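One structure is given here, and the rest of the page talks about it.
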Amino acid sequence: MLDIKLIRENPDYVKQKLKTRGEDEAAIHRIEKIDSDRLEILHKIEKLKELRNKASDDIAVMKKNKLDASDAIAQTRILGDEIKELDSQIKKLETELEQELYFIPALPAENVPLGKDATENVEVRVWGEKKSFDFKVKDHLELGKSLDILDFERGTKITGSGFPLYKGKGATLERALINYMLDNHISNNGYTEVLTPVLANRASMEAAEKVPKFEDDMYYIEKDGLFAIPTAEVSILNIHRDEILKDEDLPIKYCGFTNCFRREAGSYGKDTKGFLRVHQFNKVELINFCKPEESYNEMEKMLKDATGILESLGIHYRIIELCTGDLGFSASKCYDIEVWSYAEDKWLEASSVSNCTDFQSRRAKIRFKRHGGDGKQKTELVHILNGSGLATSRLMVALLESYQTNDGHITVPEVLRKYTNFERI
RNA sequence: GGAGAGGUGGCAGAGUGGUUGAAUGCGUCGGUCUCGAAAACCGGUAUAGGGGAAACUCUAUCGAGGGUUCGAAUCCCUCCCUCUCCGCCA
């Protein structure tokens with residue numbers, strides 16, 4: 001969430017920034033009003049509490065000296081009643097303020113291209129070239145079926161549509177991809193592997209800014225009050241919730257594989273084919289906790305970490321920088337990595353790398369102590385970045401399609417062979 | 001699921017109604033000493049919010065939320081979590 005102080009002191013700046021995201025300023029107006037009302041009451045309350053504290057100390061002294069304090073007690077009781085009344089008023093305002101703040105997105109970074117929606121995203125670079133096939137390419141559904149490695153129908157039987165079943169060499173290939181990516185990030189890119197829970201409580205979902213804003217997109221187990229994570233970002237970020245980290249430990253970099261669960265409410269009928277949009281998918285996630293001055297630099301590194309995988313797999317991809325109007329809720333800057341689908345004849349999003357700066361860390365209370373040269377310490381919010389490195393479902397589409405042979409088989413990319421123990425499907 | 005114990009600062013651990021934001025130890029930071037280090041000694045060391053140019057000051061916080069009281073870490077209620085034993089079980 002945004003810093004209320006920033007809104008208080010620089011409302012016009014905040015409104016202008018939000019406008020570039022297509023947000024209207026009405027909510028900020030409401031917030032300003034609630035905040036000033038709250039401050040006014042806060043001043044009264046603190047004054048009254050100060051009086052009460054002093055009076056209580058006096059009473060303590062009187063009692064100690066065996067003096068009659070009943071007058072003082074009676075007077076202080078009145079103070080207490082006033083405080084109670086104001087307390088309930090301020091609590092109401094605080095709740096209102098929170099409810100508004102929870103729905104205000106992060107402010108775009110200065111160098112993010114302006115634009116109203118996805119059509120105005122900017123292509124940063126393209127890697128590799130499209131292969132040319134001298135036969136008609138099959139899509140991943142045909143390949144999956146004919147080679148008996150993907151079974152969407154039976155996945156549907158088990159759960160419902162959008163829950164894929166991998167089979168035989170398909171399952172092995174998926175596992176190989178995951179292992180390859182993890183090993184790469186651990187050995188070459190300096191990440192610490194974590195294997196986290198895939199269910200998260202409400203506090204964790206809130207800390208990662210997924211709830212209440214996106215509550216309808218989450219699977220929720222009412223009986224236990226738990227959410228299925230939409231991304232490992234949630235579970236990994238919460239490793240350090242409510243912690244104060246040491247500055248010499250930063251940046252802290254984790255990678256972790258989990259299943260991810262998304263209801264995709266409202267997107268029925270769109271990209272429903274096979275892997276293009278699923279409710280459960282596999283993803284290796286990268287999370288970085290760092291000092292504010294490092295975050296944009298770390299972001300570029302994360303982008304390299306993710307694209308390095310694609311390059312070693314020989315997958316044709318491009319990097320898109322999202323414009324202000326297309327940025328995710330928590331992100332100040334975001335790159336999408338898209339892989340080329342030969343059968344769909346379009347780019348598919350396989351990863352996004354986001355710098356969420358202090359937007360999540362404020363809510364999650366993840367800070368660090370900065371040691372000043374003068375021996376003084378200052379507590380600051382860390383910056384948090386997340387990136388998929390990568391999600392396998394759409395990567396699998398690109399991989400199967402681009403490695404198909406004219407006899408309908410799949411050649412396993414070189415780097416995966418030591419994980420699959422086969423070269424061909 | 002049944003029975004019991006407990007949640008206090010970075011950690012360990014005192015504290016059962018009144019200058020307790022909280023003893024003590026450890027850690028940590030600064031300093032003295034030293035050629036340097038260790039040891040020893042001295043001093044500092046929570047978080048959030050408000051006011052103030054600043055010095056500083058006020059408020060809140062002892063798992064969370066309510067209650068009792070002039071006053072709550074301490075008493076009462078609800079919830080959450082952890083641990084131990086039993087049961088069940090991958």
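All values below were derived from every heavy atom in this structure, side-chain atoms included, with hydrogens, water molecules and symmetry-related copies excluded. Proteins come first, then strands; the chains are lettered A, B, ... in the order of their sequence lines, and each starts at number 1. These figures come from a predicted structure and were not determined experimentally.
By the 6.0 Å and 45° rule, A:Lys253 stacks over the aromatic ring of A:Tyr191. A cation-pi arrangement is present between A:Lys169 and A:Phe422 under the rule of less than 6.0 angstrom and at most 45 degrees off the ring axis.
Residue A:Leu79 is classed as having no contact, given no heavy-atom separation below 4.0 Å to the nucleic acid. Residue A:Leu39 is in sugar-phosphate contact alone, with no base atom involved, counting any heavy-atom pair closer than 4.0 Å across all strands shown. Nucleic acid contact for A:Thr379: sugar-phosphate only, since backbone atoms but no base atoms lie under 4.0 Å from a heavy atom of the residue. Within the 4.0 angstrom heavy-atom criterion, base atoms lie near A:Lys63.
B:rU28 and B:rC11 have their P atoms separated by 15 Å, given to the nearest Å. Of the C1' atoms belonging to B:rC76 and B:rU16, the separation is 14 Å, rounded to the nearest Å. Here the separation of B:rG67 from B:rG52, taken at their P atoms, is 32 Å to the nearest Å. Between B:rG10 and B:rA48, the distance separating the two P atoms is 11 Å to the nearest Å. Using P as the reference atom, B:rG50 and B:rU24 are 32 Å apart when rounded to the nearest Å. Rounded to whole Å, the separation between the P atoms of B:rU47 and B:rG9 comes to 13 Å. For the P atom pair drawn from B:rA73 and B:rG30, the interatomic distance equals 34 Å after rounding to whole Å. Remark: the separation of the P atoms in B:rC26 and B:rC77 is 39 Å, to the nearest Å.
When the C1' atom of B:rC58 is taken as reference, atom CG of A:Asp57 falls 14 Å away, rounded to whole Å. Going from atom CG of A:Asn238 over to atom P of B:rC81 covers 16 Å, rounded to whole Å. Rounded to an integer number of Å, the gap from A:Arg38 CZ to B:rA60 P is 15 Å. Straight-line distance from the CG atom of A:Asp58 to the C1' atom of B:rG18: 12 Å, rounded to whole Å. The interatomic distance linking A:Asn201 (CG) with B:rG63 (C1') rounds to 14 Å, in whole Å. Between the P atom of B:rG50 and the CG atom of A:Asp37 lies a distance of 16 Å, rounded to the nearest Å. In this structure, CZ of A:Arg52 is placed 15 Å from P of B:rU19, rounded to the nearest angstrom. Residue A:Lys49 contributes atom NZ, which lies 15 Å from atom P of B:rG21 at whole-angstrom precision.
Candidate nucleotides B:rA60, B:rG18, B:rU68 were compared by shortest atom distance to the side chain of A:Ser56, and B:rG18 ranks first. Closest to the side chain of A:Asn53, out of B:rA46, B:rA60, B:rC70, is B:rA60. Ranking B:rG18, B:rU47, B:rG49 by closeness to the A:Leu42 side chain, first place goes to B:rG49. Side-chain atoms of A:Arg367 lie closest to B:rU47 of the nucleotides B:rG18, B:rU47, B:rG49. Nearest nucleotide to the side chain of A:Arg77, out of B:rG66, B:rC70, B:rA46: B:rC70. Distance from the side chain of A:Lys84 is smallest for B:rU68 among the nucleotides B:rU68, B:rG66, B:rC58. Checking B:rG71, B:rA46, B:rG50 against the side-chain heavy atoms of A:Arg8 singles out B:rG50 as nearest. Comparing B:rG49, B:rA60, B:rG65 by their closest approach to the side chain of A:Lys5 singles out B:rG49. Candidate nucleotides B:rU59, B:rC70, B:rA46 were compared by shortest atom distance to the side chain of A:Lys369, and B:rA46 ranks first. For A:Ile59, taking side-chain heavy atoms from C-beta onward, the closest of the listed nucleotides B:rG66, B:rG18, B:rG50 is B:rG18.
Separation of atoms CG (A:Asn282) and CG (A:Leu177) is listed at 10.0 Å; rounding is to 0.5 Å. Distance CZ/A:Arg38 to NZ/A:Lys91: 13.0 Å, rounded to 0.5 Å. To the nearest 0.5 Å, atom CE of residue A:Met181 and atom CG of residue A:Asn189 are 12.5 Å apart.
Residues A:Leu327 and A:Arg21 have side chains in contact (heavy-atom distance under 4.5 Å, counting atoms from C-beta outward).
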Note to self: Apply salt bridge (Lys or Arg N to Asp or Glu O under 4.0 Å) to residues A:Lys19 and A:Glu23 and explain how you reach the verdict.
What the structure shows: CA-CA 5 Å; A:Lys19 203 170 172 186; A:Glu23 295 278 323; over 6 Å; no
Next item on the list: Verify side chain to side chain contact (heavy atoms under 4.5 Å, CB included) between A:Leu173 and A:Leu399, making sure each step is shown before the conclusion.
Entry: CA-CA 10 Å; A:Leu173 182 63; A:Leu399 195 146; 4.1 Å; yes
Item checked: RNA chain B base-pair string [pairs: Watson-Crick or G-U under 3.5 Å; |: paired with another strand] -> ((((((((.[[[..)..(.....]]]((((((.......))))))((((((....)))))).[[[[[..)....]]]]])))))))....
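Judged by closest nucleotide on RNA chain B, A:Ile45 is the one of A:Ile45 and A:Ala72 placed further toward the 5' end.
Judged by distance alone, the side chains of A:Tyr254 and A:His240 do bring a donor and an acceptor atom under 3.5 Å apart. Side-chain N/O atoms of A:Thr231 and A:Lys283 include a donor and acceptor closer than 3.5 Å.
You won't find any donor-acceptor pair under 3.5 Å spanning the side chain of A:Glu46 and the base of B:rG51, going by distance alone.
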